[in-house]
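Below is one structure, written out as structure tokens; the observations come after it.
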Amino acid sequence: MEAVRALEGGLDRANTGAAIEVRGLRMTYGQKQVLQGVGFTVGAGEVIALLGPNGAGKTTTIEILEGFRAPSAGHVRVLGIEPVRGDERWRARLGVVLQSWRDHGRWRVHELLRHLSRYYEPYANAGRPPFDTAELIEAVGLAEHARQRVNRLSGGQRRRLDVAIGIVGRPEVLFLDEPTAGFDPRARRDFHDLVHRLSDLDDTTILLTTHDLDEAEKLADRILILAGGKIVAEGSADQLSREFSRDAQVRWSRGGEHFVHATEDATGFVRGLFEQYGTEIGDLEVRRATLEDTYMTIVQREEA
């Protein structure tokens, strides 16, 4: 499949350390402290989801990492460089997909991407040139619209173009801000495949923000939850579920009736069921808390 080949030219690079380092990050606007000692690291090729309620400081954190905003205090390094001091060569190693699409209405899709890719050519790392325009267009699902003007695209198609613009330079670090807003289910699935290929085949480090918790669970190796200006929880979706939402739901049937029971000790409860009823138990299912359940538990605890 050509969309896969578009990403198979990635570097076989060793993980030489953290792609993103943040320690003691603070941001103050007047008397308001938006970030209060935020700290985390992201390894090369890792996919991280930054979650949090509106006003938690997600956008401010991303803007600092991208070099668009200077922090009030703290240690911040992206690819070993302090973002506010990054030069053009450093910026060429980053990809950014913002929430709103840029107005390139008079360009045709293939012309715009070919034009933008030329800006990256002087800064291309050995073995990491910009993506081929045709392959990139196919990878983001715009092959049928390659010669269409941008102002004639639908909202979802423009969002796909946003993603293509963000990755055209084959970035080492990619920032995604609500990347699938406006995507239909097919486009969202294709985008998730693209993220996995970028991470797995091209060793791209990806930091994304999303309000779609199902998307975060599918894409992220690790989840950071930001609340009250601090990272209040981090780990995989399963780790967070086990740490913050202890109850599991046990569902089963017996004699044609269906039962549901919440318990902290699912293993012990199931063992007891079989000791009591044996082969009468059917349709057994154990469900741990979803990421949404866990997220709400954490955020409500912080608000309280």
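Here the structure is a predicted model, which means the values were calculated and not measured. Just so you know, these numbers use all the heavy atoms, side chains as well, and skip hydrogens, waters and symmetry mates.
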Review point. Got a donor-acceptor contact below 3.5 angstrom from the Ser117 side chain to the Arg114 backbone?
Key: yes

Review point. Have Glu215 and Thr180 got a donor and an acceptor in their side chains that come within less than 3.5 Å?
Key: yes

Check your understanding: Do Thr28 and Gln33 have side-chain N/O donor and acceptor atoms under 3.5 Å apart?
Key -> no

Exercise for review: Identify the two heavy atoms, one from Arg91 and one from Gly86, that lie closest to each other, and give their separation to 0.1 Å.
Suggested key: NE-O, 4.0 Å

Revision key, fill the gap. Closest heavy-atom pair, Arg222 versus Thr41, reported as atoms and distance to 0.1 Å, is NH2-O, 2.6 Å

Check your understanding: Looking only at heavy atoms, what is the nearest atom pair of Ile48 and Ala220, with distance?
Key -> C-CB, 4.4 Å

**Study point:** Ring-ring centroid check Trp252 Phe274, cutoff 6.0 Å
**Key:** no

Check your understanding: Would Ile64 and Val84 show up in the same hydrophobic cluster when neighbours are defined by side-chain heavy atoms closer than 4.5 Å?
Key -> no

Practice item. Would you mind reporting whether Arg23 and Glu21 have side-chain heavy atoms less than 4.5 Å apart? Key: yes

Review point. Is there a path from Tyr29 to Leu25 through hydrophobic residues (I, L, V, M, F, W, Y) whose side chains come within less than 4.5 Å of each other?
Key: yes

Practice item. Look at atom CD of Glu285 and say whether more than 12 heavy atoms of other residues, nucleotides or ligands are closer to it than 6.0 Å. Key: yes

Point to revise | Atom CZ of Arg301 with >12 non-hydrogen neighbours under 6.0 angstrom | key: yes

Check your understanding: Hey, does the side chain of Ser236 reach the backbone of Gln239 with a donor-acceptor pair shorter than 3.5 angstrom?
Key -> yes

Exercise for review: May I ask you to test the Val109-Arg147 pair for a side-chain heavy-atom distance under 4.5 Å?
Suggested key: no

Check your understanding: Are Leu174 and Ile167 close enough that some pair of their side-chain heavy atoms sits under 4.5 Å apart?
Key -> yes

Review point. For Gly45, does its backbone N or O pair with a side-chain atom of Thr205 as donor and acceptor, under 3.5 Å?
Key: yes

Review point. Has the side chain of Arg158 got a donor or acceptor atom that lies under 3.5 Å from a matching backbone atom of Asn151?
Key: yes

Check your understanding: Has the side chain of Ser199 got a donor or acceptor atom that lies under 3.5 Å from a matching backbone atom of Val195?
Key -> no

Check your understanding: Quick one: which of Val140, Val97, Leu136, Leu112 gives a side-chain contact (heavy atoms from CB on, under 4.5 Å) with Ile165?
Key -> Leu112

Study note, to complete from the structure: Sequence neighbours excluded, the answer for salt bridge (Lys or Arg N to Asp or Glu O under 4.0 Å) partners of Glu111 is none

Review point. More than 12 non-hydrogen atoms from neighbouring residues, nucleotides or ligands closer than 6.0 Å to CD on Gln36, yes or no?
Key: yes

Point to revise | Asp221 side chain to Glu46 backbone, donor-acceptor under 3.5 Å | key: no

**Study point:** Backbone N/O of Ser154 and side chain of Gln157: donor-acceptor pair under 3.5 Å
**Key:** yes

Practice item. State which residues pass salt bridge (Lys or Arg N to Asp or Glu O under 4.0 Å) with Arg189; sequence neighbours excluded, sorted by chain then number. Key: none

Review point. Just by distance, do the side chain of Asp200 and the backbone of Arg197 share a donor-acceptor pair under 3.5 Å?
Key: no

Exercise for review: Using atom types as modelled and distance alone, determine if a side-chain donor or acceptor of His261 lies under 3.5 Å from a backbone N or O of Val250.
Suggested key: no

Check your understanding: Under 3.5 Å, side chain of Lys58 to main-chain N/O of Leu50, donor-acceptor pair present?
Key -> no

